[in-house]
There are 2 protein chains.
Amino acid sequence: MVSGIKPTTVLIADDHQLFNDGLRNLLTFDGTPFRVVEQVYTGADVVPAIHTWRPDVVLLDINLPQRTGLDIARQIVREFPDVRVIIVSMYSYQKFVEELKVIGVAGYLLKSASQQELITCLDRVGQGGTYFDIRLGGKAGDLHLEDDFVKRFKLSPRELEIIVLMKHGLTTSEIAQRLFLSEETVKTHRKNIYYKLDINSLAELIRFANEQGL
Amino acid sequence: MVSGIKPTTVLIADDHQLFNDGLRNLLTFDGTPFRVVEQVYTGADVVPAIHTWRPDVVLLDINLPQRTGLDIARQIVREFPDVRVIIVSMYSYQKFVEELKVIGVAGYLLKSASQQELITCLDRVGQGGTYFDIRLGGKAGDLHLEDDFVKRFKLSPRELEIIVLMKHGLTTSEIAQRLFLSEETVKTHRKNIYYKLDINSLAELIRFANEQGL
DNA sequence: TAAAAAATACCCCTTTCGGGGTATAGGCTA
DNA sequence: TAGCCTATACCCCGAAAGGGGTATTTTTTA
């Protein structure tokens, strides 16, 4: 961090200009070990910018227009093995995380992270390490959010499990298959869930889950 | 803008800490006419913070967990008539804009706006005016995030509107009532949507919408 | 202006969902 | 051990969703 050390060069790729510029500012302070060499606002501009600047790290939004961050990440890792990719997203898409790790991205930051986490993440990745937001930690992360929910509505673990699957768009038969249950059992759980939450349709469950931030 | 003039006080309410902090930085520069008096990260903290600080302007995210920005905006306008509300959102959802204007918010900024637009918006609103992003002028539901979506799947505006309502958990009859349509018409749209997206249940629509970040 | 797209609305039919039950087995605990 | 919770699974039935049509009107666009 002492001046004189070569700074980590950073490319920021996010279509929300306010967020993009905000990130740049958060990385620009006295004695910063980072240098933002370029900012791009569309998916199409990412790869050309990497060509030009060869940044050490790319902060890549996963929800870019035109091309998805997933595709771009794949291409970067393939074509520029020494450019490290950090995904920045508002969602903790669990399945994406696994996929991204397989692809070979170096980090995953949530937009709800703090400046400190951003800097820690960039430090680690800049030094060749990886950083994945702790809130992505599968069940651990989910449960902490869901804890309240469970207590307030006296839901059993199984019921919570089924709520999550329903919210993710699995049909009754899909849930039954995945959990090795009879469809009738899933239906029973569903009935009990609806009774406890005082709702009576999948539509309402979705609304409810959205309202609870689940 | 000359120093000595009382600065416009600002409260920032956004659950994405990186964005929230980024905004604060974008408003902090030499000779800034703004002073960020507080930042909050949940819907529940907004009104108490206004009580304490009585800011001139609130930059309010519309997608807050716990309480929607819409509800909060309504309450602020009702209880604190001299506190001006600027909505900050990633969507340029026309219906929201109309609703928000009726409620009495003073501005609407997109997250894809530039720092210059942010400052212009705050300047105008701070001086008692209003500011609505020019990109809001389009037809119902043309948010740039959905733009892609629409093009890829050749969805009509009406279909997109219905997708959004379905995703929010409205039943067929609720959608029919809200849009002043026959249930049969909604069913027709739903059929066409399912055909275009190659799906066959609400569950799959939810999954699809989640995957598309819609 | 003619063709295409979008929006509206209905019919018929099958499948799934949702609400009312009942029932058995295992585990925890007061 | 008797009671309670949880998880499992089934039956019946009405309501809603889903899938196949057809058709008219308005709007957009080539």
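The model shown is predicted, which means the values in this text are computed figures rather than measured ones. The sequence lines fix the lettering, A, B, ..., with proteins before strands; numbering per chain opens at 1. The figures here come from the full heavy-atom set of this structure, side chains too, leaving out hydrogens, waters and symmetry mates.
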Can you check whether any acceptor in the base of dC10(D) is under 3.5 Å from a donor in the side chain of Thr185(A), or vice versa? no
From CD of Glu161(B) over to P of dA7(C), roughly how many Å is that when rounded to an integer? 9 Å
Considering non-hydrogen atoms only, spot the tightest contact between Phe19(A) and Leu18(B) and give its length. CE1-CB, 3.8 Å
Which part of the nucleic acid does Tyr194(B) contact within heavy-atom distance under 4.0 Å: base, sugar-phosphate only, or nothing? sugar-phosphate
CG of Leu179(A) versus P of dT6(D): gap in Å, rounded? 17 Å
Which heavy atom of Ala203(B) sits nearest to which heavy atom of Leu202(A), and what is that distance? N-CD2, 4.0 Å
Does a side-chain N or O of Ser156(B) approach OP1 or OP2 of dA7(C) to a distance below 4.0 Å, or not? yes
5' precedence on DNA chain C between Glu159(B) and Glu183(B) (nearest-nucleotide basis): Glu159(B)
Between dT15(C) atom P and Lys187(B) atom NZ, what is the distance in whole Å? 15 Å
Atom pair distance, as rounded to whole Å: NZ in Lys191(A) and P in dA7(D): 16 Å
What is the distance from CD1 of Ile193(B) to C1' of dA7(C), rounded to the nearest Å? 12 Å
Let me know the distance between CG of Asp198(A) and C1' of dG18(C), rounded to the nearest Å. 14 Å
Does Ser201(A) have a side-chain nitrogen or oxygen under 4.0 Å from the phosphate oxygens OP1 or OP2 of dC17(C)? no
Is it the case that Asp21(A) and Tyr41(A) place a side-chain donor and acceptor less than 3.5 Å from each other? yes
Go nucleotide by nucleotide along DNA chain C from the 5' end; which of Arg190(A) and Asn192(B) gets its closest nucleotide reached first? Asn192(B)
OP1 or OP2 of dT8(C) versus the side-chain N and O atoms of Arg158(B): is any pair under 4.0 Å? yes
Short side-chain N/O contact from His189(A) to OP1 or OP2 of dT8(D), under 4.0 Å: yes
Tell me the interatomic distance from Glu184(B), atom CD, to dC12(C), atom C1', rounded to whole angstroms. 11 Å
What is the minimum heavy-atom distance between Ser201(A) and Thr171(B), and which atoms define it? OG-CG2, 4.1 Å
Closest non-hydrogen atoms of Ala73(A) and Val85(A), given as atom of the first, atom of the second and distance, are CB-CG1, 4.4 Å
Just to confirm, is there a sub-4.0 Å distance from OP1 or OP2 of dA9(D) to any side-chain nitrogen or oxygen of Thr188(A)? no
Is there a side-chain contact between Thr171(B) and the phosphate of dA16(D), meaning an N or O under 4.0 Å from OP1 or OP2? no
Round to a whole Å and report the spacing from CD1 of Ile199(B) to P of dT16(C). 16 Å
